[in-house]
Chemist: 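Here it is, the structure, as structure tokens.
Per chain, numbering begins at 1; letters A, B, ... match sequence-line order. Just so you know, these numbers come straight off a predicted model, no measurement behind them.
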Amino acid sequence: MPGLEDLYREIILDHYRSPRNRGELPTPPAVHAQGHNPLCGDEITVYLQIDGDTITDVKVGGQGCSISQSSASMMSQAVKGKKVDDVKAVVRKFKSMMSIDDEDPTPIPEVKLGDLEALQGVVKFPVRIKCAVLAWNTLTEALAEAQ
Amino acid sequence: MPGLEDLYREIILDHYRSPRNRGELPTPPAVHAQGHNPLCGDEITVYLQIDGDTITDVKVGGQGCSISQSSASMMSQAVKGKKVDDVKAVVRKFKSMMSIDDEDPTPIPEVKLGDLEALQGVVKFPVRIKCAVLAWNTLTEALAEAQ
Amino acid sequence: MSAAAVDWARVKADFPVVNGRIDGQPIVYLDSANTSQKPHAVIDAMADFMRHAYAPINRSAYRLAAAATDAYEGARTKVQKFINAPKAHEVVFTKNATESLNLVAHSWGGANLKRGDAVVLTHMEHHANIVPWQMLAASHGIELRWIPLTADGQLDLTNLSTLLDGAKVLSFTAMSNVLGTITPVAALCKAAHDAGAVAIVDACQYVPHNVTDVQAWGADFVTFSSHKMVGPSGIGVMWGREALLDAMPPFLGGGNMIADVRLDGFTCAELPAKFEAGTPPIVEAVGLGAAVEYLSGLGMSNVRQHEMHLTDYALRTLTDRYGDDITIHGPRNVEVRGAVLSFAFRDIHPHDVSQVLDQKNVCVRAGHHCAKPLMRLLGANATARASFYIYNDESDADALADALDGASDIFGL
Amino acid sequence: MSAAAVDWARVKADFPVVNGRIDGQPIVYLDSANTSQKPHAVIDAMADFMRHAYAPINRSAYRLAAAATDAYEGARTKVQKFINAPKAHEVVFTKNATESLNLVAHSWGGANLKRGDAVVLTHMEHHANIVPWQMLAASHGIELRWIPLTADGQLDLTNLSTLLDGAKVLSFTAMSNVLGTITPVAALCKAAHDAGAVAIVDACQYVPHNVTDVQAWGADFVTFSSHKMVGPSGIGVMWGREALLDAMPPFLGGGNMIADVRLDGFTCAELPAKFEAGTPPIVEAVGLGAAVEYLSGLGMSNVRQHEMHLTDYALRTLTDRYGDDITIHGPRNVEVRGAVLSFAFRDIHPHDVSQVLDQKNVCVRAGHHCAKPLMRLLGANATARASFYIYNDESDADALADALDGASDIFGL
Ligand SMILES: Cc1ncc(COP(=O)(O)O)c(C=O)c1O
Ligand SMILES: Cc1ncc(COP(=O)(O)O)c(C=O)c1O
């Protein structure tokens, strides 16, 4: 079994202890979506303020384990101020790093994940993949909400 | 395994080939009850004409295997013209021969079973006990009907 | 690979019960339409799982539990591939085919049928595909219509379009457990859809014996049981099209099938959890997975060929030997029948026939086979039924024919 | 015989998984409230049955089938004796406790409850004893009332008579799967009856760990699962009083549960067949029978003593070592609690706690334990839960305490 240091990288623990973009946004004008991890009871709410084709603000609510919370925190940083299409590319790239296939036949976009790469170690702990991906699935639902 | 000759005694086959008291009785004045053996699909209907405390007539309908049919035929002979109380004693005695317990704490009555003793071999074939007892349970239900 | 390339003697050797003895005589197991025997591969898979890997699934996060979850979900994927279902999460594990059919009738039917709606069944259905609809008829006031049979025990489709006119459901068996009749499943599904009805296939007697392709059938729901396909008891399958399953209310309520529960109500989990309330048959899923692998290893078209050959051999052997003394129900053409032979022998009651056969350890079922409406049509309240499977061979058909002789001696007919 | 007379090391030796290793380290299995491990006696009983005696039950008449039927019905009698039920045919085999509770809610509740009728539950119920009633609330318009909890996680019975006033059902757990709380079952059954309500006991966490006497309880229905009592998955039990069961409509429709089926309707079989539609969990019943024999061999009062001792030891070990850094939910008094310890550890999320423990092969569940309403009361959306059973000993509690230390290192708290 891989060591826990693969999972609990310092940057992950940092986002867990000091989560970025916590809170809510008024809906409307913002959209939001809620996600559950039935396995461990984690709950995440993602709020998006979308203006034109840009996510101008993002907030994250809910509670959960270090992996789901830090992933949500990093996700919020990665999408804030980004174009919706670019965000969708990040989602695909992140999920492919988590070794989750999607049904899109086009190649996985070549985007930089930055800090998010710290979550790569999660792949060695398959049960935690769901934790890492929860915020991202909820983000995808919130984007669908906006359409 | 015991041989089939223990099961298929000549007298049983005789009752099977020439069943006694086949038919129906008009209800009312007669009472009747129907029994199923869910295992093999056997069906038996017992009609009783009871006058005062005596079973003055009995008829048997339905279809089934040699054991259920011959048992019904012998049963009809054993109860016709008998007092209801005496018939109840025969039922208890017959069921005890079939090694079926009842909840009555009084001792099993000492009554002669006559031809019915030919069915004793059925006990060695536990699956067939239900066949042998079907007519008797149906008789008991018909008696209950009459009360 | 063709059926001839399969070493059927080795297959038989894999099944301990059919190699067993009672009173020193070999067992001739001819009751597989009732329930099938299990190969060592299935028995060992279950025992090994309980010895080395047993753990809760879908609930705990430690490695032992994660591996058990993978084993359970792996079984689902194996079943999906085996029946060529589009998606694994369309495959729902139930306790048996009966629960599967009740689930469909109760959840889909309860939500979509209303007073006066018609459900079309056939005269050759098993009680499992009759009683749930009768319960719905009583609670929802739906009307039941019945496809009749031809003289040789096939579906009489002459008036199919009239029967389907305005119907909401066509639910029918892919193969009769009494007559052996294989029904034209794809054509019936198409007819149902043309009439705007949903097509439900009771494939309990089909999946164990044939290549199954739910997409080629064009079915909406397909149900079957593990225990008839060399898998364990205690687990069944309900496959349904995702869109239908998504729109259906749940069936049983409890753990695993929820996304959230509050004092004032609950929300449902995604597929397949939505329909799998409570702790599922974990060990049994592992066993079913092993069963599916075992059957896939033989090749289902080889299984079918083997059984066609055996059916033909048994039909010939029995009629050659007993002529008019034996009446075998169902179609003579093995292209449209499986290896199930229900028969009447002279005037001897089936229960007595089975007794005489049991004396020679020939195991057949005598009774109504959970198809009483069909039995009434056949004019019998019981038949004897011999059914063959992958571990049977011509010698079993011969043993059956030989043992039948004993019945004449006793009943002197 | 007392608990001291049982050789608990030998008991542990009977359970292969708890003697197994992952990555060379021993497995510390502390998730038995989720599902229990199986002893060789159960695994072998199932495998042997499939190897030598597998056959259909209740349907065929040959000896192999008759013996299988006896094995299946023998398991029923063993269960009857184990819970001191008056009659064997009051014991119904289901697929799990969840189906048992759905059966009672749907069949008894569906037939006897009408709009406005009240059903009383408690705040510590498992989803299996909540969702079926919520489904009935939606379909029948019944009202749900809830018995609240005291600060230490026991039932707060102060307003019981008000809650029961006019209620038709009291359905409650005999032991909480989160708090370990053992409820006063007999007193609650009496209170229910005094109020004219039916008493339903979810004994899923009780039967595996205590002497169960349904008659001493005075219960009307009692439900539990085999897989939590060293038996196989795929089978559960619903016991009910004969008069109630006789008067109830059936639940699932199909084979075995009918006396007759005609095109225009069906009639039900007698108990217990009436509630056992389709091919039942045959092999699983044999396994459950072996499980009941295994537990009876230990003596359930010895099991209870062993677990009280272990619970006390674990509570002391954890609080002595971690003081305020650990919050263990539920009553401190082991007279009213079973061997289930749900806890919060420092500020570390339970999922992370379980991850750290898993690193040392200590298997605990982290999550909502299928009791979300209770979790909301506890103010947590998850807890870690360690649960002990007959194959655990003090060293397992020590291993848990030791492994928890690792969490501090990582999260630096
Ligand atoms: C208290 C309680 N009730 C009911 C259940 C449901 O049991 P099962 O999942 O075996 O149906 C459980 C176990 O999960 C439980 O702990
Ligand atoms: C055609 C058919 N449908 C349904 C069933 C019901 O299957 P099970 O008893 O496994 O629920 C059977 C088997 O008994 C069957 O032969």
Chemist: Would one find more than 12 heavy atoms of other residues, nucleotides or ligands at under 6.0 Å from atom CG of B/Asp51?
Modeler: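 Check passes, neighbour count above 12.
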Chemist: With a cut-off of 6.0 Å (strictly less than), are more than 12 heavy atoms of other residues, nucleotides or ligands near NZ of B/Lys130?
Modeler: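 At most 12 heavy atoms, drawn from other residues, nucleotides or ligands, come within 6.0 Å of this atom.
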Chemist: Looking at B/Lys80, I want to see if its NZ is surrounded by more than 12 non-hydrogen atoms of other residues, nucleotides or ligands under 6.0 Å.
Modeler: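 Yes, NZ of B/Lys80 has more than 12 neighbouring heavy atoms, counting only those of other groups under 6.0 Å.
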Chemist: Write down the atom of C/His351, the atom of B/Cys131, and the distance for their closest heavy-atom approach.
Modeler: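 For C/His351 versus B/Cys131, the nearest heavy atoms are CE1-SG, 3.2 Å.
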Chemist: Give a yes or no on whether a salt bridge exists between B/Arg128 and C/Asp352, defined as a side-chain N under 4.0 angstrom from a carboxylate O.
Modeler: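 Salt bridge: yes.
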Chemist: Looking only at side-chain N and O atoms, does C/His349 offer a donor or acceptor that is under 3.5 Å from a partner on B/Asp42?
Modeler: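 There is such a pair between these side chains.
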Chemist: In Å, rounded to the nearest 0.5 Å, how long is the span from CD1 of C/Ile348 to OG of B/Ser66?
Modeler: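 Answer rounded to 0.5 Å: 9.5 Å.
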Chemist: Taking all non-hydrogen atoms of both residues into account, name the closest pair between B/Arg17 and C/Ile410 and its distance.
Modeler: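 Heavy atoms only, the tightest pair is NH2-O, 4.1 Å.
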Chemist: Which distance, rounded to the nearest 0.5 Å, do you find between the CD of B/Glu43 and the CG of C/Asn381?
Modeler: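 Here the interatomic distance stands at 5.5 Å.
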Chemist: Quick one: what part of C/Val353 sits under 4.5 Å from any heavy atom of chain B, side chain, backbone, both or neither?
Modeler: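 Looking at C/Val353, nothing touches chain B.
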Chemist: What parts of residues 5-12 of chain B touch chain C if we use heavy atoms and a cut-off under 4.5 Å?
Modeler: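 So the qualifying residues are B/Leu7, B/Tyr8.
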Chemist: Which residues pass the salt bridge (charged side-chain N to carboxylate O under 4.0 Å, His left out) test with C/Arg332, not counting sequence neighbours?
Modeler: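 Applying salt bridge (charged side-chain N to carboxylate O under 4.0 Å, His left out) to C/Arg332 gives C/Asp312.
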